[in-house]
2 protein chains.
Amino acid sequence: MAHDHAMPTDLTRNQGLVLGALNHAPAPLSAYDILDLLRSEGLRAPLQIYRALDKLVERGLAHRLESLNAFVACADEHCHRKGLIAFAICEGCGKVDEFADPVIEERLGNWARETGFKTERTTMEIRGRCAECLKAA
Amino acid sequence: MAHDHAMPTDLTRNQGLVLGALNHAPAPLSAYDILDLLRSEGLRAPLQIYRALDKLVERGLAHRLESLNAFVACADEHCHRKGLIAFAICEGCGKVDEFADPVIEERLGNWARETGFKTERTTMEIRGRCAECLKAA
DNA sequence: ATCAATACGTTATAGCATAACATCGCCGCA
DNA sequence: TGCGGCGATGTTATGCTATAACGTATTGAT
Ligand SMILES: [Zn+2]
Ligand SMILES: [Zn+2]
Ligand SMILES: [Zn+2]
Ligand SMILES: [Zn+2]
């Protein structure tokens with residue numbers, strides 16, 4: 001399970017609550033999912049969640065999945081990855097696998113250099129079914 | 001400009017209107033952008049747009065950009081591409097460049113084979129600034 | 001004490017997407 | 001000719017996602 005993450009100590013209360021919710025979740029959560037989970041802690045408005053998420057994503061402690069409009073905790077316990085990250089998202093169980101591939105990064109870097117494009121950020125998301133779900137079917 | 005696309009002849013009226021709007025647009029359009037463009041043609045409801053978009057995307061005549069919640073016409077005039085497509089989206093002018101890279105496709109295929117993941121579809125979107133916009137700055 | 005920077009709380013609003021239901025037109029087939 | 005299936009259409013209502021705009025509170029340095 002994802003229960004034993006080492007959380008940075010300098011998070012604000014809201015940031016800590018949101019990251020905690022993501023860490024305990026077995027699948028990506030939307031901002032509104034998180035809000036519902038944290039109403040018992042006194043949070044009431046979407047903006048409280050979005051502001052915390054902004055900071056967490058900025059620091060690499062969480063990631064936004066564009067194709068899902070949802071968020072996950074970073075799978076890298078301490079030092080969050082630099083560079084390009086790919087996400088494999090299972091449509092069956094919701095599990096998200098996070099990995100980096102230097103060759104892909106290099107190919108995209110080459111393409112950018114050749115075309116004169118200045119990359120700010122890249123999202124790569126694979127949708128499908130994980131091995132476990134395939135076995136179960 | 002994108003004015004001279006060969007449009008399939010078997011599109012319905014709504015599908016044709018929507019694809020036309022995308023073909024003439026210099027940048028990705030949201031479903032609501034398209035709706036506003038087509039009110040003069042009698043379209044009134046978001047669903048009319050979304051239904052047409054579903055068909056167009058299904059046939060590869062248009063693409064959905066997940067990181068933008070918007071749509072573009074496929075840049076491949078006739079035979080839309082098979083396989084993995086990457087999109088480079090300029091934050092300055094909105095231009096979208098569509099390209100395929102067999103090496104990246106192979107790397108992702110390898111990863112999937114190794115982990116037993118069955119890929120249904122992949123989205124790859126690069127955000128940044130195109131050469132032209134960089135020159136202008 | 002003053003000031004700037006950052007986080008927080010609240011209300012309202014904007015933007016994106018689908019559910020549910022009725023209707024229409026086309027085509028194949030008795 | 002009439003029936004039945006199917007896909008596209010039209011309409012209303014609703015739900016989900018995200019941000020604007022405002023004010024207050026906390027922190028921490030000078
Ligand atoms: Zn990560
Ligand atoms: Zn699974
Ligand atoms: Zn295309
Ligand atoms: Zn540009």
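The sequence lines fix the lettering, A, B, ..., with proteins before strands; numbering per chain opens at 1. Only heavy atoms go into these numbers, but all of them, side chains included; no hydrogens, no water, no symmetry mates. A quick note: this is a predicted structure, and the numbers were derived from the prediction, not measured.
Following rounding to the nearest Å, B:K55 (NZ) and D:dT9 (C1') show an atom-to-atom distance of 13 Å. Distance, B:L56 CG to D:dA8 P: 11 Å, rounded to whole Å. Taking atom CG on B:L11 and atom C1' on C:dC26, their separation rounds to 17 Å, with Å as the unit. As a whole-Å value, the separation of B:I49 CD1 from D:dA8 P is 15 Å. A straight line from CD of B:E58 to C1' of D:dA8 spans 13 Å, rounded to a whole angstrom. The CG atom of B:D10 sits 16 Å away from the C1' atom of C:dC27 (whole-angstrom rounding). In this structure, B:L35 atom CG and D:dT12 atom P are separated by 13 Å, rounded to whole Å. The CD atom of A:E66 sits 12 Å away from the C1' atom of D:dT17 (whole-angstrom rounding).
Taking hydrophobic clusters as Ile, Leu, Val, Met, Phe, Trp and Tyr residues chained together by side-chain heavy-atom distances below 4.5 Å, B:V72 does not share a cluster with B:L61.
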> What one-letter contact string describes nucleotides 12-24 of chain C from 5' to 3', where B marks a base within less than 4.0 Å of any protein heavy atom, S marks contact via sugar-phosphate atoms alone, and - marks no contact?
Replying inline: ----BBBBB----
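The shortest distance between side-chain heavy atoms of B:E98 and B:C74 falls below 4.5 Å. You'll find the side chain of B:L108 reaches within 4.5 Å of the side chain of B:T122, heavy atoms only.
Under 4.0 angstrom from either OP1 or OP2 of D:dG10 there lies at least one side-chain N or O belonging to B:Q48. Between A:R13 and C:dC8 there is no side-chain N or O to OP1 or OP2 distance below 4.0 Å. Under 4.0 angstrom from either OP1 or OP2 of C:dC8 there lies at least one side-chain N or O belonging to A:T12.
Atom CD of B:E120 has more than 12 neighbouring heavy atoms from other residues, nucleotides or ligands inside a 6.0 Å radius.
Ring pair B:F71/B:H63: centre-to-centre distance not below 6.0 Å.
Below 30°, between 30° and 60°, or above 60°: for A:Y32 and A:Y50 the angle between ring planes is above 60°, a perpendicular geometry.
Scored by the salt bridge (Lys or Arg N to Asp or Glu O under 4.0 Å) test, A:R39 finds A:D36 as partners (sequence neighbours excluded).
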